[in-house]
Amino acid sequence: MARVGTASVEAYREYFRGVEQALKSFNLSHGAELQRVAYEHFERARSLDPGFADAHLRAANYWVLELSPSRSDTGSSGQTARQSLRNYHERIALAIGNAKSEADHLRILATRAFVDLQLREARRLYEQYLEIRPNDDLAWGELGSVLHWLSEDAAAIALLDRWAAKAETDQVAATTYVNDAYRVVDPAQAANVSVELLQHWPNSSGLVYQVHRTLLWAGRYEEASRLAARYNTLVPGGNQLVTAREACAAGDRATVEKILEQLENDEPAKYSIIWILHNMLGNTAMETEVLRPLEQSGVPYQLADFLSYHKFDPRPFPALMAVLEREGVERPEPAVPPFRCPP
């Protein structure tokens, strides 16, 4: 208990339950619900011990997730972006105020710098923190996101090697590797490693989903179709993006357009999925327009969240481009999915 920063047995129990639920959310199709359950445990933990800095941090990170429209496990709060940001700042301030060590302080400041889009500063703080606590996988994952947003591919590849070394016995490491690898290394290499890792957790719907995507980026369509069938067995009702990818790879534009039409009539808008579908269809102008509300939300982090995608083009968004120029980011041309639908 002392290691995580509380002397309260009850607060520690709530915190630990929250960590368990958050870890489970990585590999299940209902990750958003589990993230909400985890958050409620962290909220109880910080209520039981108001000096528990890491409980404040974990609760704050839930609100970062709610500001991350590219994530499949977001959207469980129903709060606006501005309210989510206020909730985040309230909790991150308490985390900073209750940090009990230099390492804790660095960790929390790194998170805040990231959300504030001070990307170079965030990288510096994460790296300084991880020199002190090199086994903090959550912080390594957050540093990986910073590196992707900075287009620091060499450093991102070095971090991938760390995940790969752990991935045969650590499902979170495997999931992180597969989620990130195809964006920064040769998709053929990423696919080879990902298929091997899937053998360790063949029934993880989250991992199957991600390996399916990687196989398509590598042009291995027959293998991807077999995985799509496995996914549909694991997740009754399937997944709209898995169906759309398969359709595009087969040259079936009409199916993808039908999925897109259904989603565009849904409330609330699923920005990430709609944007991905427009990207698959090659609807360049609509890719930009669907994300315009995020640019206008008053929370710059929301649109910046799409920098994790190497197929995202930030150039139509002046405010985001100003951040990238300030941070000295040299972003390459957007990648084009090899399985994009025919015109």
Side-chain angles (χ1 to χ4, degrees), residues 25 31-33 35-36 39 43 57-95 108 110-122 141-142 145-146 148-151 240-241 260-280 283-327 329 331 334:
S25 73
E33 294 135 5
Q35 288 284 3
R36 181 68 188 187
Y39 168 70
E43 284 289 284
L57 175 61
R58 293 274 191 160
N61 282 344
Y62 167 78
W63 293 106
V64 179
L65 174 64
E66 291 297 277
L67 292 170
S68 305
S70 75
R71 292 276 297 265
S72 62
D73 52 357
T74 191
S76 61
S77 72
Q79 296 285 339
T80 66
R82 288 180 182 272
Q83 184 58 53
S84 293
L85 187 63
R86 284 193 289 270
N87 292 339
Y88 167 78
H89 279 303
E90 175 188 328
R91 287 155 181 79
I92 206 68
L94 289 168
I108 299 163
T111 302
R112 188 177 68 176
F114 187 19
V115 174
D116 290 344
L117 302 184
Q118 301 291 332
L119 301 179
R120 297 288 175 192
E121 176 68 358
E142 291 167 7
S145 295
V146 173
H148 286 301
W149 293 20
L150 286 168
S151 295
Q240 292 157 320
L241 285 181
L260 178 60
E261 182 181 0
Q262 292 169 342
L263 283 168
E264 287 178 330
N265 292 326
D266 285 350
E267 290 290 342
K270 299 176 181 176
Y271 293 110
S272 176
I273 299 176
I274 293 172
W275 173 77
I276 289 170
L277 292 174
H278 279 302
N279 180 270
M280 272 195 263
N283 298 340
T284 304
M286 287 306 301
E287 280 185 72
T288 300
E289 289 311 305
V290 77
L291 297 183
R292 194 69 72 189
L294 300 180
E295 181 186 43
Q296 299 165 352
S297 73
V299 182
Y301 182 90
Q302 279 200 297
L303 182 60
D305 184 50
F306 284 82
L307 293 169
S308 294
Y309 289 105
H310 65 326
K311 61 189 178 185
F312 170 63
D313 187 354
R315 289 173 295 186
F317 304 102
L320 182 55
M321 286 301 297
V323 171
L324 297 179
E325 289 168 12
R326 183 195 71 211
E327 298 296 313
V329 176
R331 192 169 173 88

Next item on the list: Evaluate ring pair (Phe, Tyr, Trp, His ring centres under 6.0 Å) for Tyr301 paired with Trp149, printing each intermediate quantity in order.
Entry: CA-CA 11 Å; Tyr301 182 90; Trp149 293 20; 5.3 Å; yes
Check: Are side-chain N/O atoms of Asn87 and Gln83 paired as donor and acceptor at under 3.5 Å?
Finding: yes
Checklist line | Audit row: Arg91, Glu43, salt bridge (Lys or Arg N to Asp or Glu O under 4.0 Å) steps and yes/no | finding: CA-CA 10 Å; Arg91 287 155 181 79; Glu43 284 289 284; 3.0 Å; yes
Notebook entry, point to check: Where do Gly298 and Arg82 come nearest, in terms of heavy atoms and distance?
Noted result: CA-NH2, 3.6 Å
Checklist line | Minimal non-hydrogen separation, Ser151 against Val329, with atom names | finding: OG-CG1, 3.9 Å
Check: Are Ser84 and Gln79 close enough that a side-chain donor and a side-chain acceptor fall under 3.5 Å?
Finding: no
Margin query: Hydrogens and angles aside, do Ser76 and Tyr62 bring a side-chain donor and acceptor to less than 3.5 Å of each other?
Written below: yes
Next item on the list: Can you sort out the partners of Ser68 under side chain to side chain donor-acceptor pair (under 3.5 Å), two or more places apart, ordered by chain and number?
Entry: none
Item checked: For Met321 against Pro314, the heavy-atom pair lying closest together -> CG-O, 3.4 Å
Next item on the list: Determine whether the side chains of Trp63 and Tyr39 contain a donor N or O and an acceptor N or O closer than 3.5 Å.
Entry: yes
Notebook entry, point to check: Under the ring pair (Phe, Tyr, Trp, His ring centres under 6.0 Å) rule, what pairs show up with a residue in residues 65-93, not counting sequence neighbours?
Noted result: none
Check: What heavy-atom pair brings Glu295 and Phe317 nearest, and what distance separates the two atoms?
Finding: OE2-CA, 3.4 Å
Margin query: If we check side-chain contact (heavy atoms from CB on, under 4.5 Å) with Ile276, which of these qualifies: Lys311, Gln240, Lys270?
Written below: Lys311
